[in-house]
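First up is the structure itself, then whatever we jot down about it.
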Amino acid sequence: MGLSLAIELGWRGVPVTVIDQGDGRVPFPAGEAIFSRTMEHLRRWGCAQEARAESAPPTDYPHRTVFATSVTGHVLAEFDYGVTNRSPGVYGRLTPEGPAFLSKFSFLPLLERTARGLPAVDIRFATRLESFEQNSDGVLAVVRDLDSGASETLTGDYLVACDGGRSSVRRSLGIEFEGRFAQGQNFAVHFRAPQLLGLLRERLGGHAVQIHTLSSARRPYITVVNGVDEWRLSVYLDEEPEPGDAVAWVHEAVGAPIDVEILAAQPWSGHCVVARSYRAGRVFLAGDAAHLLWPKGGFGANTGIGDAVDLGWKLAAVLKGWGGPALLDSYELERRPIAVRNVTEASSNWRSDSRLAPDAALGLVGAEGERARREMGETIRRARGKEFRCTGVQLGYRYSGSPICVPDGTPEPPDEPDDYAPSTWPGCRAPHVRLPDGTSVLDHFGRGFVLVASGAADPSPLVKAARQRDVPLTVLHLADLAAARLYERPLVLVRPDGHVGWRGEQAPADPVAVLDRLRGAETGNPAADAVRVPEAVSAGVATHQH
């Protein structure tokens, strides 16, 4: 999250310092599922192609998920939508960037290289935040170099805590989490097994990014790491593991005593919690410091990178003088409901998975076994399918009731986790359209506001209002009729983060007032009601600092 926010700010020319008490190395592989929306942000930052080209697993490795009795047993259900790191599959008509499956061993170094390539970004590893204080002018942060022991006081306009679930910044602010902690205990193992890839081809009909097994109540599942010989295994656990358990769990999931080298192992827990607030004065929370999720669906990193993008453009706008005082307040009002939505959905995925129980009949030969496997397959497809084609979660989130979006009185589109219908309803992500020059309309968003115009609508009143308020705004004309129909209105005003702020059949009667609303200079807050976390699930805290 810290690297993503640094890139977002540095890409906008805002000086930023990243303080990280670690050394930049990745201690354990996790969080490989990178959503389409996140890849759209990487595309804007200029590193999406590099992410795919240098990815582990390789670019042509299929994003196929298999449920089986074991790797060498019977396939029960599979989910494959034609996606690889090279091909968007079913996502192709919805976005210029399909999902990616990127090992943290390749993804974090990519973000670091991208951040370091921006002149405005300074990254300091082996540096710990000791204390901070804030006043009306800014933030003073005392940091210590862990190699030399020397301390230094840094000054900044704002501080953003991207320091994980045990955030020392959040604790010092007295901000509590709401929701359910540690709903289940689990254990994860990073291991090397050169034989496993061949077994997938031989016994499961091809490669897979995840293999969920029903070999025991522990429900061991294997996730690809490098697409060659490194993997990660997770199990549900009710007791402390014993020495040798990790190898036994891998053998259990595979169904055969293959050669296994354990590289690392650690416990983890799943949570369903969101911070009560995201801001205290000039200090903000982002990523795991603001929300903790079950890793069912890959929502954690993607939700946090969404935080970074939302907060980044708003901080830049305020620091450059055209963002108003309500703009930074809108960060919590927009992103906290998305966190509640996503932690709840991830928790729902966990509950659905935990209800799947192993059955000895699944391994039987003959009619009884075939019937049991068929029925279990139907149950898996019905109960678990929405996690693996989550186009709605990835692309359909919207800032409903945002104080910096102008509602037009039309009904809010459906928000389903496994279905996405493109919409320009204010607050939604502006839809992808392929333009005649081969670019996506999304490629034109980012630096400032973009007024997407079609037909005979006159954009000039909003252009003049932007000049009057010194707000960056460009006009993009859609000549293609299909594209114009997808955008639903002749004028659609898109914010720097690619979300729709306003739309209309013609320019508004008071274009200055509309722009003031969108840049946070006018308050009218229909979303002031508190958003609470529903009763849900639990556990797993990141401890390293970013």
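Start at 1 with the first residue, then count along the sequence.
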Polar side-chain atom of [X] near backbone of [Y] as donor-acceptor pair, under 3.5 Å:
| X | Y | answer |
| --- | --- | --- |
| Arg37 | Val393 | no |
| Arg219 | Asp353 | yes |
| Asp307 | Gly287 | yes |
| Asn226 | Asp229 | yes |
| Glu332 | Tyr278 | yes |
| Ser167 | Asp163 | no |
| Arg282 | Leu159 | no |
| Ser234 | Tyr221 | no |
| Thr127 | Phe125 | yes |
| Thr344 | Val340 | yes |

If you compare all heavy atoms of [X] against all heavy atoms of [Y], which two are closest, and at what distance to 0.1 Å?
| X | Y | answer |
| --- | --- | --- |
| Pro241 | Trp249 | CB-CH2, 3.6 Å |
| His212 | Thr65 | CD2-CG2, 3.8 Å |
| Leu395 | Ser36 | CD2-CB, 4.0 Å |
| Ala30 | Arg232 | CA-NH1, 3.6 Å |
| His63 | Thr84 | NE2-C, 3.5 Å |
| His291 | Gly300 | CE1-O, 4.4 Å |

(request) Please report the C-alpha distance between Ser4 and Trp45 in whole Å, then the side-chain angles of each, then the deciding distance to 0.1 Å, and finally whether the side-chain contact (heavy atoms from CB on, under 4.5 Å) criterion is met. (result) CA-CA 10 Å; Ser4 296; Trp45 297 338; 3.9 Å; yes

Charged N-O contact under 4.0 Å between [X] and [Y]:
| X | Y | value |
| --- | --- | --- |
| Arg116 | Glu112 | yes |
| Glu8 | Arg44 | yes |
| Glu176 | Arg276 | no |

(message) Quiz question: by atom type and distance under 3.5 Å, do the side chains of Glu40 and Thr95 form a donor-acceptor pair?
(response)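 Present: a donor and an acceptor within the cut-off.
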
(request) For Asn302 and Thr38, test the side chains for any donor-to-acceptor distance below 3.5 angstrom and give the result as yes or no. (result)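 Yes.
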
From [X] atom [atom1] to [Y] atom [atom2], the distance as rounded to the nearest 0.5 Å:
| X | Y | atom1 | atom2 | value |
| --- | --- | --- | --- | --- |
| Ile305 | Asp310 | CD1 | CG | 14.0 Å |
| Phe132 | Ser172 | CZ | OG | 3.0 Å |
| Asp20 | Leu3 | CG | CG | 7.5 Å |
| Leu110 | Leu42 | CG | CG | 6.0 Å |
| Ile7 | Arg113 | CD1 | CZ | 10.5 Å |

Got more than 12 heavy atoms from elsewhere within 6.0 Å of [atom1], [X]?
| X | atom1 | value |
| --- | --- | --- |
| Asp470 | CG | no |
| Glu130 | CD | yes |
| Gln49 | CD | no |

(message) Does the structure place the NZ or CZ of Arg170 under 6.0 Å from the centre of the six-membered ring of Phe177, at an angle of no more than 45° from the ring's axis?
(response)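 Because its charged atom sits under 6.0 Å from the ring centre and within 45° of the axis, Arg170 does stack over Phe177.
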
(message) Do Arg279 and Phe284 form a cation-pi contact, if we require the NZ or CZ to be under 6.0 Å from the six-membered ring centre and within 45 degrees of the ring's axis?
(response)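 No, Arg279 and Phe284 do not form such a contact.
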
(message) Holding to side chain to side chain contact (heavy atoms under 4.5 Å, CB included), I want the full list of residues that pass it with Ala264, two or more places apart in sequence or in another chain.
(response)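 In terms of side chain to side chain contact (heavy atoms under 4.5 Å, CB included), with neighbours along the sequence ignored, Ala264 is linked to Phe28, His190.
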
(request) Only counting residues at least two apart or in another chain, list the ones meeting side chain to side chain contact (heavy atoms under 4.5 Å, CB included) with Ser103. (result)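 So Ser103 forms a side chain to side chain contact (heavy atoms under 4.5 Å, CB included) with Ala56, Phe105, Ser106, Val225.
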
(request) With sequence neighbours excluded, tell me which residues meet ring pair (Phe, Tyr, Trp, His ring centres under 6.0 Å) with His499. (result)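 Here the qualifying residues are Tyr397, Tyr399.
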
